[in-house]
Amino acid sequence: MSDHFGDSTRAVKAVSSLPIPGDPLPPGPVLASAYHLSEDEGSEPNTYGRGSNPTWRRLESALAQLEGAAAALTFGSGMAAITAALRVTAKPGSVLVVPSDGYYQVRRYAAESLAPQGITVNEVAADQIHDAAESADVVLAETPTNPALDVVDLHRLVGICRRRGAKLLVDNTTATPLGQQPLSLGADLVVASATKALAGHSDLLAGYIAGNDAELIAALERERLLSGAILGSFEAWLVVRSLGSVGLRFERQCQNALALATTLQGHPSVRSVRYPGLPGDPSHLVAAGQMRRFGGLVSIELADDAAVHALVQRSELLVAATSFGGIHTSVDRRARWGDPVAGGFARISAGIEDTDDLVADVVSALGAG
Ligand SMILES: Cc1ncc(COP(=O)(O)O)c(C=O)c1O
């Protein structure tokens, strides 16, 4: 695809079908567990639904194009993709670095399922990851981190991992491929949840891995076949459909996030605001060096948990929900899930509402302070 196209154009092109007269413009989902077999055994592109599916391949081709990858593999959820990537890259005896300040279920998996197999699991925060990488075999970085929105310097981390021969996996869920392309910076694999902004409508779970190393991709595909951590083809089709509009949605989410962060940082009820796109944010310089857009998430701290509940209750637009990237602006009080944050800490996921409406609503719901 042409390099000069913008992200919305690339997203639309990525989900376009070939112009075969009479074929539907949007091909439907292929709902099949079994396919007709050939006498020329092994020549069929599809044999059984756990191994491959034409709708996955459409989605995988689109995701690979957006991530700038040679190949992508879809999985049943972000966790299915991340855990498959960890199982394939970390072996007994390996030293694995996982984020202590990233998505909490990932470090739980590492502690509960990988550490007992003889993998040394080091949980480190974004600002410690470079030092920890100096003695690692596999590094999983999440940037910006969920929920604090710290940013890992990927240029520096790639340099360390390459020097050591360590594999670098980057969770690209919060940034999306429209926000950053870790593979172009030198990461070995992108792992991500497509449940969030890519699918974008809070109605399904999906995950993917993208990479350029054919041998590694083949090992991951085998892991998916054997573990059965596959995506349903209807969900794959819904993600393809959503990807066509991700450029528009993500652009608005980023715009709304910046407007909220800018407004909230001066508000008397708000103790602190984190958004990598704010010029004064501690992560801004590093973010500006590796991100093309700063994403739809903003983290704030209010006085306490009651203040977060009151914000949602008084608002006409905010919904309380523990996911992000959807069309609605949502608020999640992260202490509820055991994240190491204050009771009044909330992660806001900016939706696609009109920016002026959203800012006015949130300011009014916060009250005078
Ligand atoms: C950064 C990050 N990675 C991975 C996941 C897991 O994705 P899924 O819920 O699709 O399994 C999440 C979920 O919130 C996440 O925030």
Side-chain angles (χ1 to χ4, degrees), residues 1 10-91 113 169 177 183 188-195 198-199 201 203-244:
M1 196 187 303
R10 290 179 342 103
V12 171
K13 294 282 287 174
V15 297
S16 297
S17 54
L18 290 174
I20 298 170
D23 271 12
L25 205 61
V30 176
L31 300 167
S33 57
Y35 299 82
H36 292 291
L37 298 177
S38 159
E39 284 173 19
D40 178 12
E41 293 181 11
S43 67
E44 311 90 339
N46 310 294
T47 54
Y48 185 61
R50 182 158 28 78
S52 82
N53 172 287
T55 313
W56 296 354
R57 288 200 292 277
R58 283 193 68 212
L59 173 57
E60 288 166 351
S61 153
L63 290 168
Q65 289 177 55
L66 292 179
E67 288 285 359
L73 296 169
T74 58
F75 286 80
S77 67
M79 281 303 289
I82 294 168
T83 57
L86 293 178
R87 284 193 299 277
V88 166
T89 52
K91 298 292 172 201
S113 294
L169 285 48
L183 297 173
D188 294 293
L189 290 176
V190 158
V191 292
S193 171
T195 309
L198 297 189
H201 294 76
D203 53 8
L204 61 87
L205 279 90
Y208 69 96
I209 298 174
N212 292 321
D213 177 337
E215 219 173 293
L216 193 49
I217 291 289
L220 289 159
E221 191 169 5
R222 186 158 178 77
E223 175 66 25
R224 179 180 64 180
L225 171 75
L226 299 182
S227 68
I230 59 166
L231 185 63
S233 54
F234 187 67
E235 281 78 5
W237 178 76
L238 283 173
V239 182
V240 170
R241 197 178 70 151
S242 296
L243 280 182

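Predicted model, so just to flag it, every value in this text is computed and none were measured. For reference, positions follow the sequence shown, starting with 1.
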**Any side-chain heavy-atom pair of R241 and V15 under 4.5 Å** = no
**Request:** Give the minimum heavy-atom separation between A64 and A71, together with the two atoms involved.
**Result:** CB-C, 4.0 Å
**Request:** Please tell me if the side chains of L63 and L198 come closer than 4.5 Å, counting only heavy atoms from C-beta onward.
**Result:** yes
**Side chain to side chain, D188 and D213, heavy atoms closer than 4.5 Å** = no
**Item:** Distance-minimising heavy-atom pair for T195 and L205
**Value:** OG1-CA, 3.4 Å
**Message:** A side-chain contact here means heavy atoms from C-beta on lying under 4.5 Å apart; do P29 and V240 qualify?
**Reply:** no
**Message:** Can you confirm whether L226 is buried at CG, in the sense that more than 12 heavy atoms of other residues, nucleotides or ligands lie under 6.0 Å from that atom?
**Reply:** yes
**Prompt:** Quick one: are F75 and I82 in side-chain contact, heavy atoms under 4.5 Å?
**Reply:** no
**Prompt:** How about L231 and T55: do any of their side-chain heavy atoms sit closer than 4.5 Å?
**Reply:** no
**Asked** Looking only at heavy atoms, which two atoms of W56 and R50 are closest? And how far apart?
**Response** CH2-O, 3.6 Å
**Asked** Taking the side chain as C-beta and beyond, is there a heavy-atom pair between N53 and Y35 under 4.5 Å?
**Response** yes
**Request:** Apply ring pair (Phe, Tyr, Trp, His ring centres under 6.0 Å) to F234 and list each qualifying residue two or more places apart in sequence or on a separate chain.
**Result:** W237
